[in-house]
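See below for the structure under consideration.
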Amino acid sequence: GDSVTQMEGPVTLSEEAFLTINCTYTATGYPSLFWYVQYPGEGLQLLLKATKADDKGSNKGFEATYRKETTSFHLEKGSVQVSDSAVYFCALGSGANSKLTFGKGITLSVRP
Amino acid sequence: ETGVTQSPTHLIKTRGQQVTLRCSSQSGHNTVSWYQQALGQGPQFIFQYYREEENGRGNFPPRFSGLQFPNYSSELNVNALELDDSALYLCASSGPGQGAYEQYFGPGTRLTVT
């Protein structure tokens, strides 16, 4: 079945550091890929998405490229801020009912 | 435009009891999906409702059931509660005209089973 694997966390960075969060997936067919973010005390928010190979999703300075050859969708940001502290989930969407399959999530803490 | 809302926010139940969680979808959205998020884990797909019919189900036992109403709001019912049912239950809605699989989540209901 479909699955998503995220790098182990947590991750702690200093403000303005470069961020990479790894995500790889296993799926049949051609899934859509997503990054969701969960800020403390809030629900899941869609951060960015890519629907086909080589697409790049971007939002709020974050980027991720759909790499079919390596089945990856790594999240990057050039300069993190304290306000980026949250839990980040990689997910894939597949099937006729559009169900989402999530990774375990990774906690990012950014210190001033 | 209101977002996805869920009620109640928190709930404490005893093992063996039954619980009903409620979700109002975002305006214009006709599809509702439910997910269970255990502590420290990613959300797991329970099932989806589209036009009042179940439209796919994850690996959850039949004691997890749901409904969708004509106004597209939805309920999740769990019978014979077990300790492992303690989790955050998330509702997500999506609608026509959106990108495939783009779902908008509510804040969740935190269920504790003692």
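Values below: every heavy atom of this structure, side chains too, minus hydrogens, waters and symmetry copies. Residue numbers start from 1 in every chain, and the chains themselves are labelled A, B, ... in the order their sequence lines are given, proteins ahead of strands.
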Exercise. If you group Ile, Leu, Val, Met, Phe, Trp and Tyr by side-chain heavy-atom gaps below 4.5 Å, do B:Tyr104 and A:Val37 land in one group?
Worked result: no

Problem set entry | Single-linkage hydrophobic cluster, 4.5 Å side-chain cutoff, A:Leu75 and A:Leu92 together | yes

Problem set entry | Choice from B:Pro43, B:Gly108, B:Ala92 maximising heavy atom contacts with chain A below 4.5 Å | B:Pro43

Problem set entry | Structural part of A:Gln38 lying under 4.5 Å from a heavy atom of chain B | side chain

For this session: Flag yes if A:Phe102 and A:Met7 sit in one hydrophobic cluster, no otherwise; membership is Ile, Leu, Val, Met, Phe, Trp, Tyr, and two members link when side-chain heavy atoms are under 4.5 Å apart.
Result: no

Exercise. Are B:Val32 and B:Leu88 co-members of a hydrophobic cluster defined by side-chain heavy atoms under 4.5 Å apart?
Worked result: no

Exercise. Under 4.5 Å between side-chain heavy atoms, hopping through other hydrophobics if needed: is there a path connecting B:Tyr49 to B:Val78?
Worked result: yes

Problem set entry | Side chain, backbone, both or neither of A:Leu46 within contact of chain B (heavy atoms, under 4.5 Å) | side chain

For this session: Would you give the length of the straight line joining atom CD of B:Gln44 to atom NZ of A:Lys99, rounded to the nearest 0.5 angstrom?
Result: 8.5 Å

Problem set entry | Main-chain N/O of B:Phe105 paired with A:Tyr36 side-chain donor or acceptor, under 3.5 Å | no

Exercise. Given a strict heavy-atom distance threshold of 4.5 Å, which part of B:Tyr35 is in contact with chain A: side chain, backbone, both, or neither?
Worked result: side chain

Exercise. Quick one: what part of B:Gln6 sits under 4.5 Å from any heavy atom of chain A, side chain, backbone, both or neither?
Worked result: neither

Exercise. How many angstroms lie between atom CD of B:Gln103 and atom CZ of A:Phe34, to the nearest 0.5 angstrom?
Worked result: 7.5 Å

Exercise. Hey, is CZ on B:Arg15 packed in by over 12 heavy atoms from elsewhere, all under 6.0 Å?
Worked result: no

